[in-house]
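For ligands, and for the atoms within them, numbers begin at 1 and follow the listed sequence.
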Amino acid sequence: ARKIILDCDPGHDDAVAMILALGNPAIDLLGITTIGGNQTLAKVTRNAQSMLAVCGREDVPLHAGCVRPLVRALEVAPGIHGESGLDGVDLPEPTVAVAETHAVDFIIDTVMAHEPGTVTLVPTGPLTNIALAVRKEPRIAERVQEVVLMGGGYHTGNWSAVAEFNIIVDPEAAHIVMNEAWPLTMVGLDLTHQALVTADVEERIRAIGSECADVVLGLMAFFRQAYRENQGFDDPPVHDPCTVAYLIDPAVMTTRKVPLDVELRGELTVGMTVADFRVPPPADCTTQVAVDLDRERFWDLVIDAIAAVSRP
Ligand code: BDR
Ligand code: CA
């Protein structure tokens, strides 16, 4: 199984990413780390605790990370995720404690304790924790297997005309992460806007008939309304689980190798992820972007995982 650390800010789609990581046997979830993003660190950490309770998984270590971006003030997204960060359901009380160690140290310690090339980082929120980890312990850059992140977009934005939320919230952190030597896959909006919760998907989730399925349905109903009102979508896109799905089955998406960088100074373009498609990528290019999603494969994975996780 692929050993991963999920660095997230739950967050409706982060919650689905957690379920997929917990419910698929091809993933060995070494720990969950949290980052202020969709809501404050306190709220998203509490949400992660509640989702672990929903999935009946008290065995997975949970570490809280940074409360704010490296340089800028934290901007949260109540219009998309509500005041709690997971509006739409009554979540259970936490059953698992938040570990003492800071997320940044947990990431470093875990990567350094495992064989080189065996731990994958999966960030689905702002990249502050990952950036600090690689600055504090640069050796993790050559030690991680790869970084598969949700963020950015090479032809589209959602928080500005050209920038995506996870990147524009902490562009300096994203700049650090994208310019390290590790193999990196950017699963951006170009891909995740193909992962729409359509009516037939909702039907399949309803047919599972479990507590976890009900939680997902409640979350998706809120997410649908928020995306209708604020982003002009009929069906909401579940961005974050696309990263985990790719690690379970790379055939779930096509990718393209391309040099990537992040704009830090543009008046209109700060936080834009810039992919240079002009020429074939240089031989030493370590970055790639996600292009096309196999929707059927993707939803089969998510729905199987929802069915697999349930409270004992
Ligand atoms: C990203 O921003 C957050 O609102 C979602 O959880 C996802 O990680 C999409 O732009
Ligand atoms: Ca997220």
Side-chain angles (χ1 to χ4, degrees), residues 4-21 32-41 43-48 51 65-66 69 74-88 103 121-130 147-171 173-174 177 185-197 216 219-220 222-233 235-246 262 271-273 289-290 293 302:
I4 74 165
I5 298 172
L6 181 62
D7 183 64
C8 58
D9 60 339
H12 294 65
D13 50 330
D14 301 84
V16 179
M18 283 181 66
I19 291 168
L20 184 54
I32 293 175
T33 53
T34 55
I35 177 70
N38 287 327
Q39 265 298 350
T40 62
L41 180 72
K43 289 181 182 179
V44 301
T45 303
R46 168 129 187 140
N47 293 342
M51 286 309 300
C66 296
L74 176 63
E75 185 186 350
V76 294
I80 302 291
H81 299 277
E83 279 309 319
S84 72
L86 271 186
D87 276 18
L121 303 180
V122 184
T124 62
L127 290 155
T128 324
N129 289 337
I130 310 294
V147 177
V148 178
L149 67 88
M150 191 283 135
Y154 50 87
H155 284 149
T156 178
N158 65 2
W159 223 247
S160 79
V162 295
E164 181 278 334
F165 179 80
N166 290 340
I167 306 296
I168 203 172
V169 165
D170 195 343
V177 172
T185 302
M186 180 178 96
V187 180
L189 298 174
D190 328 270
L191 185 290
T192 65
H193 282 174
Q194 300 166 51
L196 301 172
V197 186
V216 173
L219 290 175
M220 289 307 118
F222 180 91
F223 211 35
R224 174 181 305 280
Q225 200 51 38
Y227 259 88
R228 279 199 180 151
E229 283 164 16
N230 299 308
Q231 294 277 341
F233 279 66
D235 300 317
V238 288
H239 311 273
D240 295 338
C242 297
T243 55
V244 181
Y246 173 64
V262 180
M272 179 182 186
T273 51
V289 292
L293 181 70
V302 172

With rounding to the nearest 0.5 Å, note down the distance linking [atom1] in [X] to [atom2] in [Y].
{"X": "F165", "Y": "E75", "atom1": "CZ", "atom2": "CD", "result": "6.5 Å"}
{"X": "T40", "Y": "E83", "atom1": "OG1", "atom2": "CD", "result": "9.5 Å"}
{"X": "W159", "Y": "N166", "atom1": "CH2", "atom2": "CG", "result": "10.0 Å"}

Please could you name the atoms of ligand 1 that [X] approaches to less than 4.0 Å, counting only its heavy atoms?
{"X": "T124", "answer": "8 (O)"}
{"X": "M150", "answer": "1 (C), 7 (C), 8 (O), 9 (C)"}
{"X": "H81", "answer": "3 (C), 4 (O), 5 (C), 6 (O)"}
{"X": "N166", "answer": "1 (C), 2 (O), 7 (C), 8 (O)"}

Between T273 and E164, is there a side-chain heavy-atom distance shorter than 4.5 Å? no
Are P10 and N38 side-chain neighbours, meaning at least one heavy-atom pair lies under 4.5 Å? no
Between H12 and ligand 1, which part of the residue brings a heavy atom under 4.0 Å of the ligand: side chain, backbone, both or neither? neither
Can you tell which part of D14 has a heavy atom less than 4.0 Å from ligand 1: side chain, backbone, both or neither? side chain
Spell out, as yes or no, whether a donor-acceptor pair under 3.5 Å connects the side chain of N47 to the backbone of S84. yes
With a 4.0 Å cut-off on heavy atoms, is N158 touching ligand 1? yes
To the nearest 0.1 Å, how far is [atom] from its closest protein heavy atom, and which atom is that?
{"atom": "atom 3 (C) of ligand 1", "value": "N38 OD1, 3.1 Å"}
{"atom": "atom 6 (O) of ligand 1", "value": "D13 OD1, 2.6 Å"}
{"atom": "atom 9 (C) of ligand 1", "value": "E164 OE2, 3.1 Å"}
{"atom": "atom 8 (O) of ligand 1", "value": "D240 OD1, 2.6 Å"}

Looking at L127, D7, V122, which hits side-chain contact (heavy atoms from CB on, under 4.5 Å) with L149? L127
The Ca ion (ligand 2) has as its nearest N, O or S atom from D240 the atom OD2
Does a donor on one side chain sit under 3.5 Å from an acceptor on the other, for T124 and D14? yes
May I ask you to check if any N/O/S atom from N38 comes under 3.0 Å of the Ca ion (ligand 2)? no
Contact flag D13/the Ca ion (ligand 2), N/O/S atoms, threshold under 3.0 Å: no
Worked verdict on Q231 versus I80 for side chain to side chain contact (heavy atoms under 4.5 Å, CB included): CA-CA 9 Å; Q231 294 277 341; I80 302 291; 3.8 Å; yes
Between F233 and H193, is the ring centre distance below 6.0 Å? yes
Nearest to atom 2 (O) of ligand 1 by heavy atom, F223, F165, W159: which? F165
